[in-house]
Protein chains: 2
Amino acid sequence: MPPVSLKVLARELNLSVSAVSRALNDRSDIAQHTKDRVRALASKLNYEPNPYASSLRGTKTKTIGIIIPAVHNHFFSLAINGIEEVARENDFHVLISLTHEEPEQEASIIQVLAGGRVDGVLLSTARNSQASTHLNVLRDRGIPVVFFDRVYEDLPTATVTTDDYASGYQATRHLLEAGCRTVAHLTISDTLSIGKRRLQGYVAALQDWGLAYEEELVLQGHANEALNTPLIEALLRKRPEIDGIFASVEMLAMSSYEACRNLGLSIPEDVKVIGFSNLEIASLLNPPLTTITQPAYAIGREAARLLFRAIQENVHLLPADSVELKSELSSRRSTARL
Amino acid sequence: MPPVSLKVLARELNLSVSAVSRALNDRSDIAQHTKDRVRALASKLNYEPNPYASSLRGTKTKTIGIIIPAVHNHFFSLAINGIEEVARENDFHVLISLTHEEPEQEASIIQVLAGGRVDGVLLSTARNSQASTHLNVLRDRGIPVVFFDRVYEDLPTATVTTDDYASGYQATRHLLEAGCRTVAHLTISDTLSIGKRRLQGYVAALQDWGLAYEEELVLQGHANEALNTPLIEALLRKRPEIDGIFASVEMLAMSSYEACRNLGLSIPEDVKVIGFSNLEIASLLNPPLTTITQPAYAIGREAARLLFRAIQENVHLLPADSVELKSELSSRRSTARL
DNA sequence: TTGTATGCGTTATCAT
DNA sequence: ATGATAACGCATACAA
C-alpha cells in the first residue's frame, strides 16, 4: 500500500494540500472545523509525515548521530541509554555508527553523516585517531559536535569528560596505600585523551611516593582483546615483583584477572588490581574488583543536552561549555591491604 | 557554509544538474572525460549526496531500524554489533530505538519509523507486549520486519531465535543431574515468547524426572532490576528446600548471586545456579557461573541478513524463512556436583 | 479561511 | 553526449 501523503488526505477531503498541511500544523489561519476533519482522517489512515521531505525543505532532520568505537562495552551502552533518552525527550531519532576503533571508519562515517543525514553528532573517538581534520566537514556544514569521554583536545567545541587525571592519580595512590611498590599500568592508547590523562595521574602519584616511573611497567593493550591476557602474563613473568595493576579500562582489568589465574597468582595477596569499570557486578567477581566507575549514563545525558542546546537554540558550542563529571572509586577486596 | 549540492557542482563546471548526476552515478551515456572532471570537483568539495532527497524520489532510505528493549544488556549489544556490521556491508545506516520494555513506546516508535524513515525493521519485543496490531502499519507500508530473540508468535514474517525450549530443558536437567531436587525458575515474563518456551522446557524436564511442577517455584522478575534481589530472597526464605535456580536471563542470575550472598547461602553447596548469559567473564565470577550462552552476534547478523534479502531482492519474508540457532551450555562451578 | 505556486536535492524521461 | 523538465512530500509566500 502506498504511504499516506498530504495529497491523499487532500483528495479525500476535497481540500488543497497546503490547507491540509496547515491544519495538521495547527496554524491559526485554518477553521477549527476543518482542522477537526483533517485530523480525524489523518489518524484514521495512520498518516505520518514523511520526515525526509520535511528535512529537505527545512534542513532539520530530527536525527542525531552517535559515533563510538563499540557498543559492546558497558560504558558506551550506558552512555547510549542516556543519549537516547534525551533524544526521545526532544522528539529526535538516533543514528548509531560503530568505528570498531578504526580511524578510517571514523572518517568515512563522519563524511557520510555530514551529507545532511543528521543535525548533530556525538562522538567518542577511535583509539588511534590522531588528526582531527576529518571533522572539518562537520564544521563546514555547521553541524555541531559534542565529544564525550574520548576527545580530540585541539578542537574548538564542547566536551563531556570525567576527571581522568585525578582518577588516575587516585587509583594509583589507592594501590600504593594498600602496600604496593611496583605498580603496572595497563592502557589502551597513550595518544588517546583519556589514556594520556590517566597515565599522567599514574606518573604523578608514583612521583609523590618517591617511586621511579618505568616505561616497562606501562603496557599498551591490543585492539584484539584475546591477545591481552598473554601480554599481561608476559609482563608479570618478566617483572615478578609487580604487586599492583592499574587497568585503565574494564577489559584490561578482566584480562588481568585471567592472567593472574593462569599464572597461579592470588588477588589481592600476590597482586592487587584496580580498574576503570562500569560492571554493575564488580562485587560478584572473584575477588570483588575495586573499581573507578565513570557516570556513563550521566555523561550520555549531559553530552546530548549540550548538543540539543546547539541544535535547537542555535548556539555555537565552545570549549568553555565543556563539562567534567566525577568518577567514583569503590574499594573492594581486589585491593585489600593484608 | 551551505552544503554542496549537484547544483553547485553544475554551475562550477558549466554543466547541467542532470549531467552531473549521471556522471556521479557512472551512467554509460556520459563521456569519460566529463565523468573525470565531475568526480574531481566532487571529491575536492567533499560532495556528499543528500540521502533524503534521493529517498524522496525513490523510496529507499538506506536506513534500517533496530527496536529493542534496552542496549544496556550484553545480549542486545552483541546483537547490535552483528546488525551494524551487516548494515555497513550493505552500505546502510542503523537507526536505534529503545522501548525500555514499554509496549506503548514500542507502538509509537513503530508508527514513527513506518512514516518513511526506514526501509526495514529489526525488532525484539518489549517484555509485556501482547497484541501485535501495532505492527500493521509496517505491513501496510510494505516495510519488512524480522524479529529476533523475542518474537510475536502470530506474525507472518521471519524470525531469528534460539532453541529456547531445548535450552530450558537442558538447563533444568543439568541442575537435576547435579543433584538438585527443588528447582526454582526465574523468568522475566510468561507471556513473552522466550519466557514461555524456556518455562516449558523447565516443566518438561521436571516431569521427565518425576518431579511435580509447582507454580510457587516460578518467580517472575520485576522490570525494576533493583527489586529482584529482595524478591528472590523472599522466595528462598519461604522455600528453604530450594537447592537449584534456573535464571532465564542474565540479570536474574546476578540477582540470585546477590540474594544468596545476603542470606549466607553458598553456591553451589547450598544452592546451584544456572543462567542464560552473554557475560564473557562468567568464569571470573565467584563462583564461576554455569551459563547458557546464546550466539548473540550471529543472531544479529542472521536477522540483518534476512532483512536485507527482503529489502534488496524484494522477497516477501515468511515464517518458513525463520532461522533457529543453538545456544551453548558451559558448565562451571556454580552447578558443580559435590 | 482556503487555494496556487514555488522550491528543497535528486533522478528518470524525454528532448536536442 | 548533454540539457531541460517533471516529480517525490512537504511547507511557505502570496493570491484570492
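Being a predicted model, the structure only gives us computed values, none of them experimental. Letters A, B, ... mirror the listed sequences (proteins, then strands); counts begin at 1.
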Quiz item: For A:Phe148 and A:Ala79, which heavy atoms make the closest approach, and how far apart are they?
Solution: CE1-CB, 4.0 Å
Practice problem: Round to a whole Å and report the spacing from CG of A:Leu24 to C1' of C:dT2. | Solution: 15 Å
Practice problem: To the nearest Å, give me how far apart CG (B:Asp26) and P (C:dT10) are. | Solution: 17 Å
Exercise. Ignoring backbone atoms, test whether A:Tyr47 places a side-chain nitrogen or oxygen under 4.0 Å from the OP1 or OP2 oxygen of D:dC10.
Key: yes
Exercise. Using a heavy-atom cut-off of under 4.0 Å over every strand shown, decide if B:Ser5 touches base, sugar-phosphate, or nothing.
Key: sugar-phosphate
Quiz item: Are any of B:Ser21's side-chain N or O atoms less than 4.0 Å away from OP1 or OP2 of C:dG9?
Solution: no
Practice problem: Describe, in one word, how the ring planes of A:Tyr52 and B:Tyr52 are oriented to each other, choosing from parallel (under 30°), tilted (30 to 60°) and perpendicular (over 60°). | Solution: parallel
Quiz item: Looking only at side-chain N and O atoms, does B:Asn50 come under 4.0 Å of OP1 or OP2 in C:dC8?
Solution: no
Quiz item: A:Lys62 side chain to A:Ser55 main-chain N or O, any donor-acceptor pair under 3.5 Å?
Solution: no
Quiz prompt | Rounded distance [0.5 Å steps], CD1 in B:Ile68 versus NE2 in B:His100 | solution = 10.0 Å
Quiz prompt | Between D:dA11 (P) and B:Tyr52 (OH): distance, integer Å | solution = 16 Å
Exercise. Can you figure out which of D:dG9, C:dT11, D:dA11 approaches the side chain of B:Leu56 most closely?
Key: D:dG9
Self-check item: Gap between atoms CZ and P, on A:Arg57 and C:dT10 respectively (whole Å)
Solution: 17 Å
Exercise. Find the distance between CD (A:Gln312) and CZ (A:Phe92) and round it off to the nearest 0.5 Å.
Key: 5.0 Å
Quiz prompt | Residue-level proximity of residues 7-20 of chain B to DNA chain D when a heavy atom falls under 4.0 Å | solution = B:Asn14, B:Leu15, B:Ser16, B:Ser18, B:Ala19
Exercise. Send over the distance from A:Asp29 CG to D:dA16 P, rounded to a whole Å.
Key: 17 Å
Exercise. Applying side-chain hydrogen bond (donor to acceptor under 3.5 Å, both in side chains), run through A:Thr63 and B:Arg117 and close with a yes or a no.
Key: CA-CA 11 Å; A:Thr63 307; B:Arg117 210 170 253 280; 2.9 Å; yes
Quiz prompt | Position toward the 5' end of DNA chain D (nearest nucleotide), B:Ala53 or B:Ala31 | solution = B:Ala31
Quiz item: What is the distance, rounded to the nearest whole Å, between atom CZ of A:Arg27 and atom P of D:dC10?
Solution: 15 Å
Quiz prompt | Atom-pair distance (NZ on A:Lys62; C1' on D:dC10), nearest Å | solution = 15 Å
Practice problem: Take the protein atom CG of A:Leu6 and the nucleotide atom P of C:dG3, then report the distance between them rounded to whole Å. | Solution: 13 Å
Quiz item: So, the side chain of B:Asp36 versus the backbone of B:His33: is there a donor-acceptor pair under 3.5 Å, distance only?
Solution: no
Self-check item: Side-chain donor/acceptor of A:Arg22 to base of C:dG3, under 3.5 Å
Solution: yes
